[in-house]
Visitor: 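Next up is a structure, given as structure tokens.
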Amino acid sequence: MPRSAVYGLSSSTRQEPSALAQDAAFYLQLQPRQLPSRLLYDALGSALFDAICLLPWYRITRGELRLLQRYASTIGEVLREGGRIVELGCGNGEKLATLLTHADVPAVRVHLIDLSEAALARSVQTLATIDGADVDVTTHKATYEDGLLALPTEEAHPTLVAFLGSNIGNFDPPGAAAFLGEIHAALHPGDYLLLGADLVKPERDLLLAYDDPIGLTGAFNKNLLLRLNSELDANFALDRFAHRAIWNRDASRVEMHLISLAPQEIEVPKSDLRFRLEEGETIWTESSYKYETGGVRWLVEPAGFAQRNQWTDEQARFALTLFEAT
């Protein structure tokens with residue numbers, strides 16, 4: 001078994017109820033009403049998402065794991081002696097463990113950045129099972145942006161930032177451009193970004209991935225209301241909402257919404273918020289943008305990167321792209 005040293009760093013951006021209350025107060029007063037997708041990932045939400053990744057209709061995770069295993073040695077070549085990996089949004093640690101298991105990297109520093117304490121804990125447990133490598137793990141319970149700012153600057157380079165899954169798809173194009181600029185600002189020339197991106201595929205396949213027949217994605221979406229009830233004393237009645245996934249072809253994104261099934265008065269006391277939802281009115285909870293392979297390059301390179309390699313899994317229609325900071 002490897003030596004695995006684990007350190008935890010606190011952050012001024014901990015997702016405490018006061019921060020959640022501010023988010024709810026702001027986003028629920030927008031038109032259309034919204035809640036940011038990062039709020040989906042409390043402990044229960046993270047567990048539900050892990051289950052979603054096992055569904056036959058959600059192919060992203062399996063496709064990405066195939067790519068990480070197949071091209072791990074090539075990716076590992078950028079981590080010369082003393083390199084480190086920074087993973088943004090670590091999930092359960094399976095993807096990074098797959099990469100490190102097959103990359104033949106004898107020792108590596110790993111920084112995990114995630115708002116979910118449960119996800120960080122699961123990732124640490126998963127990385128501790130890797131054979132044949134020394135893995136020093138530091139966890140940052142923080143937003144991506146603040147986690148990047150908190151990275152130690154004295155550690156040896158190169159750095160590989162891993163932003164996997166389809167997380168880049170949760171940003172609209174201006175937001176993605178701004179965030180990629182923040183990643184670049186945290187790096188040095190010769191550092192790397194490994195980016196996962198879900199690709200455009202038939203509408204039926206997209207909608208099945210976000211509105212599965214057994215209702216797991218619907219439960220994942222509704223759990224956001226349960227979280228607001230639990231942490232903000234809100235009065236959302238879950239049986240008065242329906243989950244809906246929509247493919248917005250013009251914007252090239254899948255949208256997740258919670259649809260009000262009847263007129264209802266909503267109160268969120270800890271956000272000092274009260275409003276009326278009409279029948280059919282929606283709360284927009286997630287956008288997941290889909291790309292063509294060339295579109296990934298057009299998205300990332302203006303932020304100061306040069307594409308070095310790209311691999312696609314045709315079965316899942318998913319791409320991993322390796323960029324170098326210039």
Visitor: Has the side chain of Gln310 got a donor or acceptor atom that lies under 3.5 Å from a matching backbone atom of Thr293?
Guide: yes
Visitor: Would you say the ring centroid of Tyr41 lies under 6.0 angstrom from that of Phe220?
Guide: yes
Visitor: Just so I know, are the side chains of Trp57 and Leu207 near enough to count as touching, which here means a heavy-atom distance under 4.5 Å?
Guide: no
Visitor: Will you find, in the side chains of Ser37 and Glu286, an N or O donor that is under 3.5 Å from an N or O acceptor?
Guide: no
Visitor: Can you confirm whether more than 12 heavy atoms, excluding those of Arg274, are under 6.0 Å from its CZ atom?
Guide: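 Open: at most 12 neighbouring heavy atoms sit under 6.0 Å from CZ of Arg274.
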Visitor: Step by step, would you call Met256 with Arg244 a side chain to side chain contact (heavy atoms under 4.5 Å, CB included)?
Guide: CA-CA 6 Å; Met256 288 204 323; Arg244 181 178 297 171; over 6 Å; no
Visitor: Tell me, please, which residues at least two apart from Glu255 pass side-chain hydrogen bond (donor to acceptor under 3.5 Å, both in side chains).
Guide: Asn248, Arg253, His257
Visitor: If only atom types and distance count, is the side chain of Thr129 paired as donor or acceptor with the main-chain N or O of Thr126 below 3.5 Å?
Guide: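 Side chain of Thr129 to backbone of Thr126, a donor-acceptor pair under 3.5 Å: yes, one is there.
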Visitor: Is Arg84 salt-bridged to Asp136, going by a charged N under 4.0 Å from an acidic O?
Guide: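 Salt bridge absent between Arg84 and Asp136.
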Visitor: Can you pull out every side-chain hydrogen bond (donor to acceptor under 3.5 Å, both in side chains) where at least one residue sits in residues 200-215? Sequence neighbours excluded, please.
Guide: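 Residue pairs passing side-chain hydrogen bond (donor to acceptor under 3.5 Å, both in side chains), neighbours aside: Asp198-Lys201, Glu203-Arg249, Tyr210-Ser288, Tyr210-Lys290, Asp212-Thr217.
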Visitor: Is there a continuous path of hydrophobic side-chain contacts, each under 4.5 Å between heavy atoms, that joins Leu40 to Phe241?
Guide: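 Yes, one cluster joins them.
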Visitor: Applying side-chain hydrogen bond (donor to acceptor under 3.5 Å, both in side chains), name anything that partners Trp247, two or more places apart in sequence or on another chain.
Guide: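 Not a single residue meets the side-chain hydrogen bond (donor to acceptor under 3.5 Å, both in side chains) criterion with Trp247.
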Visitor: Is the backbone of Arg122 close enough, under 3.5 Å, to the side chain of Asn92 for a donor and an acceptor to pair up by distance?
Guide: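 The answer is no, because no donor-acceptor pair under 3.5 Å joins these two groups.
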Visitor: Same cluster for Leu112 and Leu148 if Ile/Leu/Val/Met/Phe/Trp/Tyr side chains link at under 4.5 Å?
Guide: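 The answer is no; the residues belong to distinct hydrophobic clusters.
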Visitor: Report yes or no: does Asp146 contribute a side-chain atom to a donor-acceptor pair with the main-chain N or O of Thr143 at less than 3.5 Å?
Guide: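 No; judged by distance alone, with no hydrogens or angles, the pair does not exist.
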Visitor: Taking the side chain as C-beta and beyond, is there a heavy-atom pair between Val200 and Ser252 under 4.5 Å?
Guide: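 With C-beta onward as the side chain, the pair touches.
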Visitor: Please check this pair: side chain of Glu281 against backbone of Ile259, looking for a donor-acceptor N/O pair closer than 3.5 Å.
Guide: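 Flag not set: sc Glu281 to bb Ile259 has no pair under 3.5 Å.
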Visitor: Kindly indicate, with the supporting measurements, whether the criterion side chain to side chain contact (heavy atoms under 4.5 Å, CB included) is fulfilled by Arg70 and Trp311.
Guide: CA-CA 10 Å; Arg70 189 176 305 148; Trp311 308 280; over 6 Å; no
Visitor: Kindly say whether Ile85 contributes a backbone atom to a donor-acceptor pair with the side chain of Arg109 at under 3.5 angstrom?
Guide: no
Visitor: Please table the atom pairs, donor to acceptor, closer than 3.5 Å between any side-chain atom in residues 181-196 and protein atoms at least two apart or in another chain.
Guide:
unit_1: His184; atom_1: NE2; unit_2: Gly304; atom_2: O; d: 2.9
unit_1: His184; atom_1: NE2; unit_2: Thr326; atom_2: O; d: 3.2
unit_1: Asp191; atom_1: OD1; unit_2: Thr159; atom_2: N; d: 2.9
unit_1: Asp191; atom_1: OD2; unit_2: His188; atom_2: N; d: 2.7

Visitor: Show your working on side chain to side chain donor-acceptor pair (under 3.5 Å) between Asp42 and Asn223 and close with a plain yes or no.
Guide: CA-CA 9 Å; Asp42 64 349; Asn223 178 62; 2.9 Å; yes
Visitor: Phe236 and side chain to side chain contact (heavy atoms under 4.5 Å, CB included): which single residue from Leu226, Asn229, Leu224 fits?
Guide: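 The passing option is Asn229.
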Visitor: Just grab all the salt bridge (Lys or Arg N to Asp or Glu O under 4.0 Å) pairs involving residues 57-68, residues at least two apart or on different chains.
Guide: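 Output for this query lists Glu64-Lys95, Arg66-Asp313.
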Visitor: To the nearest 0.5 Å, what is the distance between CG (Leu216) and CZ (Phe49)?
Guide: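 Between Leu216 CG and Phe49 CZ, I get 11.5 Å after rounding to 0.5 Å.
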Visitor: Enumerate, atom names and distances included, each donor-acceptor pair closer than 3.5 Å involving a side-chain atom of residues 71-78, sequence neighbours excluded.
Guide:
none

